[in-house]
Amino acid sequence: MARPTGHTPWFIAILLVAAALRLTGVAWDGGIGAHPDERYLVGVAEGMARLREPNPFAVDASFPYGHVPLYLFLRLGGTDRLMAARLLTGLLDVGTVALTAALARVLLAAGRLGRWSGAPLMAALFLAVMPLHVQQAHFATADVPLAFFSAGALLFAARSAPRLRFAPSLTTNAVRSQARSAAECRQRDSASLRRLLRTARSQARSAAECRQRDSASLRRLLRTARSQARSAAECRLAGIWAGLALGCKAGAALLLIPIALAGALGAKNRRERIRRVAGALGVALATFALTNPFAVLESPRFLTNVAAQAALARGAVLVPYTLQYRGTPPYLYPIAQQLLWGMGPVLGLLGFGGLAWTAVRAARGRLRSAEWVVLVWALPFFAFTGGLSVKFPRYLLPLTPVLAVYAVQWVIAIGRGATRILFALAVLPAAFLSTALVVSYGQPHPWVAASEWIRAHIPPGSVIAVEEWDHPLPLDAEGYTLRVLPVFAPEGEEKERRMASVLAEADAVVVASRRGYGALARWPDRFPATLADYRALFAGERGWIAAGCWGRWPSLARISLADDPFGAAGLPLPHPACRPTGAWLRLPRLDESFVVYDHPEVVIFVAARGGR
């Protein structure tokens, strides 16, 4: 597809929309570091800066991620590294939007589906308003840099593929053309010797035709050589981007598959194929080594930490924040969560439908080489990630740019006269969700608001019970005594004794989010006593009453978007303020990670009059 003309202003406008959604509300939590992953990453970077130590393992020997995000955060400096890191991830995700447009241009041209020159812009717009990307771009974690570098790797691998696919046949045709021309010349020379009486004009004409053919063949060879060199350079660039992605998270190792395929497509023979593939993979691994030197120098430690994270993702190790995934079906649960929130309903259907449609085209042999390069990564990535026991929706963040492109391809293929209508149906719900989320960031974070209430209504010296594995409130606990409720401990007499002891001593109980009751409700057979305690607490029994509830639900045009965590857990509504005011669009149960960081619901219980 030819590069569209006159679309630059629209492309700039889309990038500005993406930037506005991602950079508005950067201080969404008032700077308290409400996301545990960003607290951890930025904390390790702060420790490295404080110790003047370039080795992350000197700060935390169990650091499990690649080191590229750490070094990026370390270079930011400034007085507030957390805010600077969030700005950086927001800008990187704007870059991902731009890369998505470029990838769409390559794949649409390769697939001969680019009948609408605005299609790359629509792919960029899909990603610009995608709620998953808008939300994750506000968090200083490794997932956004991973998605950015993965998109760059796929783009350059796909760009190299179309030229590489046809380069061997072009070279062969040029050589055959030369041989044919030489044979024709010899035949004409022989005929000239036998027919000496032929006119000199005929000989001159034949010689001129030979020179013209030789010249054309030479030009084709030069063009082919330049095309091969350019494709090889782009393949090496893909290796660099893949190495940077691998330096964010080990899961990026699957990018080596399309890199190897792109390198192999341009080879004329087995020896050149090995050389090109080894060169591309070597560039990727060298980039990883240069940007993660201590992962190489201390490779046993690094591999041990990565293996520990892999065991957690497989479900071999259970921790409180993975208990919520019990009984969630592989593949269906990640897709459902993307439809409910991550991508929006219509865009999600088009994205995953486009993936399936592309796979069907591949089975029928209808894909071009650039499309194959992307698909050989997309299918294994979803097959691996969607089948994990731990199904955080952000794990699909590197795949969503490809899904946005597939959505555009599928709409163009099936839309016929309704193409623009389908695009609008995909964009509007996603844009509504993202805008509602960003608007909610203008309100105080529930943990901040609840902490202010505690300071105003619960006297210093009081004992406050908080749940383990959740954020202890108030944020500034000076003057208060905090006691931890071991809600995730194994059931038994020891746990019951500790729970009863903490509650007997406490003047107030803080439930900072759904993390405790929401996860344990998935295990009623394993935590029956703890769930009974939650049920009694929320029902106002055993001497406790709910003093208030604090939340900030995504809302726009007086329509609030929220699920019902209490109903999903089989618990009574503890306080009327735990429901959004005005119109409420009730969503099915959302993944915990969509809610507990930037818009949790806090419930505070105090002792009822008359004692407990």
Side-chain angles (χ1 to χ4, degrees), residues 96 99-100 103-104 107 111 123 126-127 130-133 136 142-144 146-155 157-158 242 245-246 248-262 309-310 312-315 325 328-364 367 370-411 426 430 591 593-594:
T96 305
L99 291 171
T100 300
L103 180 63
L107 294 188
F126 282 170
L127 203 75
M130 195 176 291
L132 178 67
H133 274 262
Q136 294 300 316
D143 300 285
V144 173
L146 170 64
F148 173 71
F149 293 125
S150 297
L154 292 173
L155 169 63
L246 189 58
C248 295
K249 278 190 171 181
L254 287 174
L255 286 169
L256 299 179
I257 299 175
I259 302 300
L261 178 60
Q309 283 293 305
L312 187 149
R314 294 195 312 271
Y325 295 111
T328 55
Y331 307 111
L332 295 180
Y333 180 85
I335 292 175
Q337 289 299 313
Q338 295 301 328
L339 298 182
L340 290 174
W341 183 266
M343 299 177 68
V346 181
L347 180 53
L349 285 173
L350 291 175
F352 286 103
L355 174 62
W357 174 73
T358 304
V360 170
R361 290 176 59 221
R364 294 176 177 176
L367 292 191
E371 295 175 292
W372 269 112
V373 166
V374 176
L375 188 65
V376 297
W377 172 82
L379 283 181
F381 180 87
F382 181 67
F384 173 76
T385 306
L388 290 173
S389 175
V390 176
K391 308 174 185 68
F392 286 119
R394 67 176 182 269
Y395 285 176
L396 292 182
L397 202 67
L399 180 64
T400 47
V402 176
L403 294 181
V405 177
Y406 285 161
V408 172
Q409 286 186 306
W410 199 32
V411 168
D591 190 89
S593 63
F594 280 145

What pair of heavy atoms forms the shortest contact from [X] to [Y], and how long is it?
X      : Y      : answer
Ala383 : Tyr331 : O-OH, 2.6 Å
Ala153 : Leu255 : CB-CD1, 4.2 Å
Trp377 : Pro398 : CH2-O, 3.4 Å
Leu349 : Trp410 : O-CZ3, 3.9 Å
Ala378 : Leu355 : CB-CD1, 4.2 Å
Ala362 : Leu375 : CB-CD2, 3.5 Å

Inset, instruction - Check the surroundings of atom CZ in Phe384: do more than 12 heavy atoms from other residues, nucleotides or ligands lie under 6.0 Å from it? - result: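 Not more than 12 within 6.0 Å, no.
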Inset, instruction - If the plane angle is over 60° it's perpendicular, under 30° parallel, otherwise tilted; pick one for Tyr325 and Phe392. - result: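 Ring orientation, 0 to 90° scale: perpendicular.
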Legend entry - Step-by-step side-chain contact (heavy atoms from CB on, under 4.5 Å) determination, Val144 to Arg394: CA-CA 9 Å; Val144 173; Arg394 67 176 182 269; over 6 Å; no
Compare all side-chain heavy atoms of [X] with those of [Y] and state whether any distance is below 4.5 angstrom.
X      : Y      : answer
Ile335 : Phe382 : yes
Gln409 : Trp357 : yes
Met343 : Pro131 : no
Leu99  : Pro401 : no
Pro334 : Leu396 : yes
Leu154 : Pro258 : yes
Lys391 : Gln337 : no
Leu146 : Leu397 : no

Inset, instruction - Verify the distance criterion only: is there a donor paired with an acceptor across the side chains of Tyr333 and Asp591 at less than 3.5 Å? - result: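 Tyr333 vs Asp591: donor-acceptor pair found between side chains.
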Legend entry - Donor on one side chain, acceptor on other, His133 and Thr400, under 3.5 Å: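 The criterion, which ignores hydrogens and geometry beyond distance, is satisfied for Thr400 and His133.
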Legend entry - Glu371 vs Arg361, side-chain contact (heavy atoms from CB on, under 4.5 Å): CA-CA, chis, key distance, verdict: CA-CA 10 Å; Glu371 295 175 292; Arg361 290 176 59 221; 3.0 Å; yes
Legend entry - Tyr406-Phe352 aromatic ring centre distance below 6.0 Å: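 No; Phe352 has its ring centre 6.0 Å or more from that of Tyr406.
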Say you draw a straight line from [atom1] of [X] to [atom2] of [Y]; how long is it, rounded to the nearest 0.5 Å?
X      : Y      : atom1 : atom2 : value
Leu350 : Phe126 : CG    : CZ    : 6.5 Å
Leu379 : Leu254 : CG    : CG    : 11.5 Å
Ile257 : Phe381 : CD1   : CZ    : 11.5 Å
Met130 : Thr100 : CE    : OG1   : 8.0 Å
Leu347 : Leu403 : CG    : CG    : 8.5 Å
Leu103 : Leu127 : CG    : CG    : 10.5 Å

